[in-house]
Amino acid sequence: RKPGWAVQLGLLTWRAFVDSYRNPAIHSLRILQKILIAIVIGVCYSNIHLDQAGIQNIQGVLFTFITENTFPSLYGVLNIFPQELPLFLREYKNGIYRCDVYYTA
């Protein structure tokens with residue numbers, strides 16, 4: 001009998017965390033990258049006045065922060081998935097987990 005969707009998701013998420021824990025250099029680089037981007041964006045938007053143009057500038061900086069925090073995780077998937085594709089296909093064909101669970105984890 002196969003484990004349920006939640007159990008499969010938990011195990012695959014745990015495997016991803018263990019893999020991430022084994023690569024501490026990547027975390028250091030990401031933290032350094034976030035700090036440098038925050039400083040650059042902060043300097044660019046440091047003298048904002050609360051008028052119409054200033055409010056539009058604040059909207060721009062919020063958009064920039066959101067995109068800078070969203071897209072790197074999406075780009076990480078583009079690098080990792082081709083490397084893990086043979087493992088995924090083997091485990092999926094053996095019935096270890098479902099495709100949607102792997103994608104969600």
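In this chain, numbering begins with 1 at the start of the sequence shown.
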> Could you name each residue pair satisfying ring pair (Phe, Tyr, Trp, His ring centres under 6.0 Å) that touches residues 76-105, not counting sequence neighbours?
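Checked against ring pair (Phe, Tyr, Trp, His ring centres under 6.0 Å) - neighbours excluded - the pairs reaching residues 76-105 are Phe88-Tyr92, Phe88-Tyr102, Tyr97-Tyr102.
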
> Leu50 and Val61: same hydrophobic cluster, using ILVMFWY side-chain contacts below 4.5 Å?
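As far as the 4.5 Å side-chain criterion goes, Val61 and Leu50 are connected within one cluster.
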
> Quick one: which residue pairs count as a salt bridge (charged side-chain N to carboxylate O under 4.0 Å, His left out) with a foot in residues 73-94, not counting sequence neighbours?
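As it turns out, the salt bridge (charged side-chain N to carboxylate O under 4.0 Å, His left out) pairs with a partner in residues 73-94, which skip direct neighbours, are Arg15-Glu91.
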
> Among residues at least two apart in sequence or on other chains, which ones pass side chain to side chain contact (heavy atoms under 4.5 Å, CB included) with Leu62?
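So Leu62 forms a side chain to side chain contact (heavy atoms under 4.5 Å, CB included) with Ile58.
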
> Look only at the side chain of Thr70 and the backbone of Thr67, and say whether a donor-acceptor pair between them is shorter than 3.5 Å.
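Flag not set: sc Thr70 to bb Thr67 has no pair under 3.5 Å.
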
> Scan residues 21-41 for pairs that pass side-chain hydrogen bond (donor to acceptor under 3.5 Å, both in side chains), counting only residues two or more places apart or in two chains.
Ser20-His27, Lys34-Asn69

> Please list, chain by chain and in numerical order, all residues satisfying side chain to side chain contact (heavy atoms under 4.5 Å, CB included) with Val7, sequence neighbours excluded.
Pro3, Leu11

> Residues in side chain to side chain contact (heavy atoms under 4.5 Å, CB included) with Trp5, at least two apart?
Leu9, Arg98, Asp100, Val101, Thr104

> Output all residues satisfying side chain to side chain contact (heavy atoms under 4.5 Å, CB included) with Asn57, sequence neighbours left out; order by chain, then residue number.
Tyr45, Ile48

> Which donor-acceptor pairs under 3.5 Å do the side chains of residues 37-44 make with protein atoms, sequence neighbours left out?
none

> Can you tell me if Asn47 has over 12 outside heavy atoms packed within less than 6.0 Å of its CG?
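Not buried by this count: 12 neighbours or fewer within 6.0 Å.
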
> Give the other cluster members for Ile26, using side-chain heavy-atom distances under 4.5 Å between Ile, Leu, Val, Met, Phe, Trp and Tyr residues; answer none if it is isolated.
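Result for Ile26 is none, singleton.
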
